[in-house]
Amino acid sequence: MPHENGEPYVFEYMGYEEVERGPGHAMARMPVRPQFIAYNGYMQATLVIGLADLTCAAGTQENLPDGAQGFTTIEFKTNLLGTALDGQLRCEATLQHGGRTTQVWDATVRHEESGRTVALFRCTQLVLYPRG
């Protein structure tokens with residue numbers, strides 16, 4: 001699904017793959033590629049955060065209240081607890097608060113092969129309604 005200008009979206013560059021979404025949860029994964037490793041030998045934090053944010057976004061989209069037209073992330077916090085240098089990252093997101101105007105999601109990013117936790121992520125989504 002390219003942009004109208006034909007360029008891929010960032011999640012396509014990342015290799016983001018949605019695994020599941022449903023009431024109050026979402027799951028996705030992403031490969032760890034050599035170009036994702038920063039100069040310091042650790043995985044680039046922005047990619048870990050991107051995986052978590054995209055997974056929470058999929059969950060939010062699935063769990064929008066009636067009449068909502070969309071949402072946007074208004075706040076997030078990430079604790080980076082480890083890294084991954086190969087394999088896959090898996091992110092599991094769960095809805096903590098599903099209000100009419102905001103949703104709060106928690107996500108855990110793990111190295112799929114070892115099960116080690118790489119990051120804990122929490123975000124707040126602002127639910128958007130048509131103007132008028």
Side-chain angles (χ1 to χ4, degrees):
M1 163 178 51
H3 276 283
E4 57 191 46
N5 68 4
E7 291 292 321
Y9 285 95
V10 70
F11 65 85
E12 293 172 300
Y13 285 115
M14 292 169 55
Y16 173 86
E17 176 190 354
E18 189 174 299
V19 174
E20 176 183 324
R21 67 163 92 171
H25 76 278
M27 188 182 308
R29 64 187 200 169
M30 176 183 83
V32 177
R33 298 179 177 151
Q35 63 268 36
F36 294 173
I37 308 304
Y39 66 89
N40 61 4
Y42 294 98
M43 186 166 180
Q44 183 66 42
T46 54
L47 292 159
V48 177
I49 294 165
L51 171 62
D53 189 48
L54 285 163
T55 307
C56 290
T60 303
Q61 186 66 44
E62 183 71 20
N63 291 275
L64 284 173
D66 290 339
Q69 74 176 28
F71 65 95
T72 189
T73 304
I74 58 173
E75 185 272 339
F76 68 80
K77 178 190 185 329
T78 307
N79 291 102
L80 298 165
L81 306 174
T83 194
L85 303 177
D86 57 18
Q88 297 271 332
L89 292 181
R90 178 178 290 268
C91 182
E92 296 182 38
T94 56
L95 180 64
Q96 301 302 311
H97 165 74
R100 182 158 166 68
T101 58
T102 60
Q103 291 188 11
V104 176
W105 286 80
D106 283 340
T108 302
V109 178
R110 290 188 174 86
H111 183 243
E112 197 167 60
E113 289 76 11
S114 70
R116 287 187 330 268
T117 300
V118 173
L120 301 174
F121 178 90
R122 172 169 272 199
C123 69
T124 303
Q125 309 284 24
L126 177 66
V127 178
L128 304 173
Y129 292 89
R131 293 180 186 225

Shortest non-hydrogen contact between [X] and [Y], atoms and distance:
X      : Y      : answer
Ala84  : Leu89  : CB-CD2, 3.7 Å
Trp105 : Ala26  : CZ3-N, 4.3 Å
Cys56  : Cys123 : CB-SG, 3.6 Å
His111 : Asp86  : NE2-O, 2.9 Å

Any side-chain to backbone donor/acceptor pair from [X] onto [Y]? Under 3.5 Å, distance only.
X      : Y      : result
Glu62  : Gly59  : no
Arg116 : Thr83  : yes
Gln103 : Asn63  : yes
Gln125 : Thr73  : yes
His25  : Glu20  : no
Thr101 : Val127 : no
Thr78  : Leu80  : no
Asn79  : Ala119 : no

Would you say Phe71 has more than 12 foreign heavy atoms packed within less than 6.0 Å of its CZ?
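Correct, the count exceeds 12.
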Do the side chains of [Y] and [X] get nearer than 4.5 Å, heavy atoms only?
X      : Y      : answer
Val48  : Phe36  : no
Phe11  : Glu18  : no
Phe121 : Ile49  : yes
Leu47  : Met14  : yes
Glu113 : Gln88  : yes
Val109 : Thr117 : no
Thr102 : His97  : yes
Gln35  : Gln44  : no

With the 4.5 Å side-chain cut-off for hydrophobic clustering, are [X] and [Y] part of the same group?
X     : Y      : result
Leu51 : Val32  : yes
Leu64 : Leu128 : no
Tyr16 : Tyr9   : yes

How long is the straight-line distance from [atom2] of [Y] back to [atom1] of [X], given to the nearest 0.5 Å?
X     : Y      : atom1 : atom2 : answer
Asp53 : Thr60  : CG    : OG1   : 8.5 Å
Glu92 : Arg110 : CD    : CZ    : 6.0 Å
Glu12 : Glu17  : CD    : CD    : 13.0 Å

With no hydrogens and no angle check, do the side chains of Tyr129 and Arg100 hold a donor and an acceptor under 3.5 Å apart?
yes
Identify, with sequence neighbours excluded, every residue that meets side-chain hydrogen bond (donor to acceptor under 3.5 Å, both in side chains) alongside Gln96.
Thr94
For the pair Met27 and Arg21, evaluate side-chain contact (heavy atoms from CB on, under 4.5 Å) and give the outcome as yes or no after the intermediate values.
CA-CA 6 Å; Met27 188 182 308; Arg21 67 163 92 171; over 6 Å; no
Just do the side-chain contact (heavy atoms from CB on, under 4.5 Å) check on Leu120 and Asp106 with the steps written out, would you?
CA-CA 8 Å; Leu120 301 174; Asp106 283 340; over 6 Å; no
